[in-house]
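This report concerns only the one structure given below.
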Amino acid sequence: METQFGTTLLPNADDVRETITRLIDRLETSLRHLLLEVWDSPEHNARAEEKLKRIFSGQGHPDSCIYAAHDAMLNAALSQDEPGFERACLEFLQLPDQVQASGLRVRGLSEKELGPTACDLLRRAYCDDAGLTADLRAPGVEGTKQAVAKINLAREMLQTYAPDWAREFDLLAPQIYLAVNEDPTKSGFGGATVFAAFGSILVNSDKIDRLPTILMTLVHESSHAKLFLYHLDDPVLLNKDTERYTSPLRSSPRPMEGIFHAAWVSARMVQSATCILDNGFCGPDAEELRRQSTQASIIYQDCATEIQRHARMTPLGRQLFDDAQRAMSDVRC
């Protein structure tokens, strides 16, 4: 993406759109290689070729389940899991020829709404290493209905008070999947974003009780997606995955990439909240938004301290961090 000085943190829909176009080109190239060269199944080649044409010949963006299918294929190929690779290729062929529908689409993470294959692929893509999203189920009908209404209202508020942030969000996360933990005793998760299901975010419908919480969740999760795009051509960080550091959001140490992400998305939460408040958002919800922004600022500062002490950044990584630091230097808690 465009990395002109001082612009990396704030919304820029044009740059995001251009980068997503490049990402889609890479996705098509990789899928063609995996399906038609690595798999190279004579009985399925024609079907795979036609499916790829249908997905990539139009103007729409591939659905997030297409990314999830690609991730399953790629992981199986890299691990030389031949049965798993065969299964992943067949799963891809079973998916509908989906492209993202225009506008925001909010659905439960259920077989009924997504189909069994897409639902399974997305569940696997969202399954995290800490076990927070390992046992998901969709909320009930009424819970889904209420969550959809709340999220649509939050999206409208974002458009009203922070239109630049809304335009970028529409590009980064046009699909939202709703889920809760199967085990109700778990502390749960607020949301999740993974590159393996690009174009979507996962939201815990039990955790979005107030409008400010939903607004910050949408910004938080879509900011992870934006940072993924910066990783396309650059590692950003040079720390090894085995290195562990203190994180304010986890009880156990975590890799520097997780801390960097936490800092960057927290800075974006603060900047978006400031924009919303400065543009006239008021009332009790404004006070709650201000409180959540202050908490995000504290998290940012804690993460930034660890980054300054231990992060080894590429020039792009340094720019991303410096832009965040400059933006946060004017924040008043």
Side-chain angles (χ1 to χ4, degrees), residues 20-21 23-77 83-127 133 136-139 141 144-145 147-148 151-152 170-179 192-203 205 221 225 228:
I20 291 176
T21 298
L23 173 61
I24 293 171
D25 288 342
R26 293 186 187 189
L27 177 66
E28 180 180 10
T29 298
S30 183
L31 281 170
R32 286 189 174 278
H33 173 68
L34 290 168
L35 289 163
L36 304 178
E37 297 178 35
V38 180
W39 192 27
D40 190 23
S41 172
E43 62 179 305
H44 297 296
N45 274 358
R47 184 181 171 194
E49 181 70 58
E50 286 301 312
K51 189 176 189 67
L52 290 170
K53 286 181 181 178
R54 289 193 297 270
I55 293 171
F56 292 101
S57 61
Q59 297 300 312
H61 292 177
D63 189 274
S64 55
C65 68
I66 302 298
Y67 286 90
H70 170 261
D71 185 69
M73 279 186 272
L74 184 60
N75 287 337
F85 181 69
E86 173 90 8
R87 182 170 59 254
C89 291
L90 291 173
E91 286 175 335
F92 172 79
L93 294 183
Q94 293 166 10
L95 291 172
D97 302 335
Q98 290 178 311
V99 295
Q100 294 173 1
S102 59
L104 180 63
R105 190 173 188 185
V106 186
R107 294 175 288 174
L109 188 65
S110 69
E111 292 187 1
K112 181 177 180 180
E113 292 200 60
L114 306 174
T117 301
C119 185
D120 182 59
L121 284 165
L122 288 166
R123 284 175 181 271
R124 283 151 50 190
Y126 274 112
C127 188
T133 57
L136 301 175
R137 66 172 177 82
V141 174
T144 298
K145 182 179 178 181
V148 170
I151 290 171
N152 284 331
D170 290 347
L171 292 168
L172 293 167
Q175 299 177 88
I176 297 179
Y177 300 116
L178 302 171
T193 309
V194 293
F195 186 62
F198 188 82
S200 70
I201 61 176
L202 183 72
V203 171
S205 57
E221 299 304 337
F228 289 148

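The shortest heavy-atom contact between Gly108 and Thr144 is N-CG2, 4.5 Å. Closest heavy-atom contact between Thr133 and Ala192: CG2-CB, 4.5 Å. Across every non-hydrogen atom of Gly199 and Pro174, the tightest pair is O-CD, 3.1 Å. Shortest non-hydrogen contact noted between Phe85 and Met73 is CD1-O, 3.4 Å. Of all heavy-atom pairs between Glu111 and Cys119, the closest is N-SG, 3.7 Å. Closest approach of Arg137 to Arg123, counting heavy atoms only: CA-NH2, 3.9 Å.
Not one N or O on the side chain of Arg124 forms a donor-acceptor pair closer than 3.5 Å with the backbone of Ala68. A distance-only check finds a donor-acceptor pair linking the side chain of Arg47 to the backbone of Leu93 [under 3.5 Å]. Between the side chain of Asn152 and the main chain of Val148, a donor-acceptor pair closer than 3.5 Å is present. Judged by distance alone, the side chain of Thr29 and the main-chain N or O of Asp25 form a donor-acceptor pair under 3.5 Å. Using a distance-only test at 3.5 Å, with no hydrogens or angles considered, a donor-acceptor pair links the side chain of Lys51 to the main chain of Leu95. Under a 3.5 Å cut-off, the side chain of Thr193 and the backbone N or O of Glu221 do form a donor-acceptor pair.
Contact of the Ile151 side chain with the Leu104 side chain is registered, since non-hydrogen atoms from C-beta on lie closer than 4.5 Å. Inter-residue side-chain proximity for His44 and Cys89 is flagged as unmet; no heavy-atom pair is nearer than 4.5 Å. By the 4.5 Å heavy-atom criterion applied to side chains, Ile176 and Arg105 are not counted as neighbours. The shortest distance between side-chain heavy atoms of Asp71 and Val194 does not fall below 4.5 Å. No side-chain heavy atom of Cys65 sits under 4.5 Å from any side-chain heavy atom of Leu114. Counting only heavy atoms from C-beta outward, the side chains of Leu109 and Leu202 approach each other to under 4.5 Å.
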Is there a side-chain contact (heavy atoms from CB on, under 4.5 Å) between Leu178 and Arg107? Walk through the geometry before answering. CA-CA 6 Å; Leu178 302 171; Arg107 294 175 288 174; over 6 Å; no
Going through the checks in order, is the side-chain contact (heavy atoms from CB on, under 4.5 Å) test met by Tyr177 and Leu136? CA-CA 11 Å; Tyr177 300 116; Leu136 301 175; over 6 Å; no
Can you check salt bridge (Lys or Arg N to Asp or Glu O under 4.0 Å) on Glu49 and Arg54, steps first, answer last? CA-CA 9 Å; Glu49 181 70 58; Arg54 289 193 297 270; over 6 Å; no
Let's go through Ile55 and Phe92 carefully: what are the C-alpha distance in whole Å and the side-chain angles of both, what is the deciding distance for side-chain contact (heavy atoms from CB on, under 4.5 Å) to 0.1 Å, and is it a yes or a no? CA-CA 12 Å; Ile55 293 171; Phe92 172 79; 3.9 Å; yes
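By the ring pair (Phe, Tyr, Trp, His ring centres under 6.0 Å) test, Tyr67 is found to be paired with Phe198, residues two or more places apart in sequence or in another chain being considered.
By the 6.0 Å contact criterion, CZ on Arg32 is enclosed, its count of non-hydrogen atoms from other residues, nucleotides or ligands being greater than 12.
At a cut-off of 3.5 Å, with distance as the only test, a side-chain donor of Tyr126 or Ser200 sits close to an acceptor on the other residue. Side-chain contact check for Glu91 and Thr117: no donor-acceptor pair (N or O, by modelled atom type) lies under 3.5 Å.
The distance from the CG atom of Leu52 to the CG atom of Leu27 is 9.0 Å, given to the nearest 0.5 Å.
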Only pairs under 3.5 Å count here: list side-chain donor-acceptor contacts from residues 34-42, not counting sequence neighbours, and write none if there are none.
| unit_1 | atom_1 | unit_2 | atom_2 | d |
| --- | --- | --- | --- | --- |
| Glu37 | OE1 | His33 | ND1 | 3.1 |
| Trp39 | NE1 | Glu86 | OE1 | 2.8 |
| Asp40 | OD1 | Asn45 | ND2 | 3.1 |

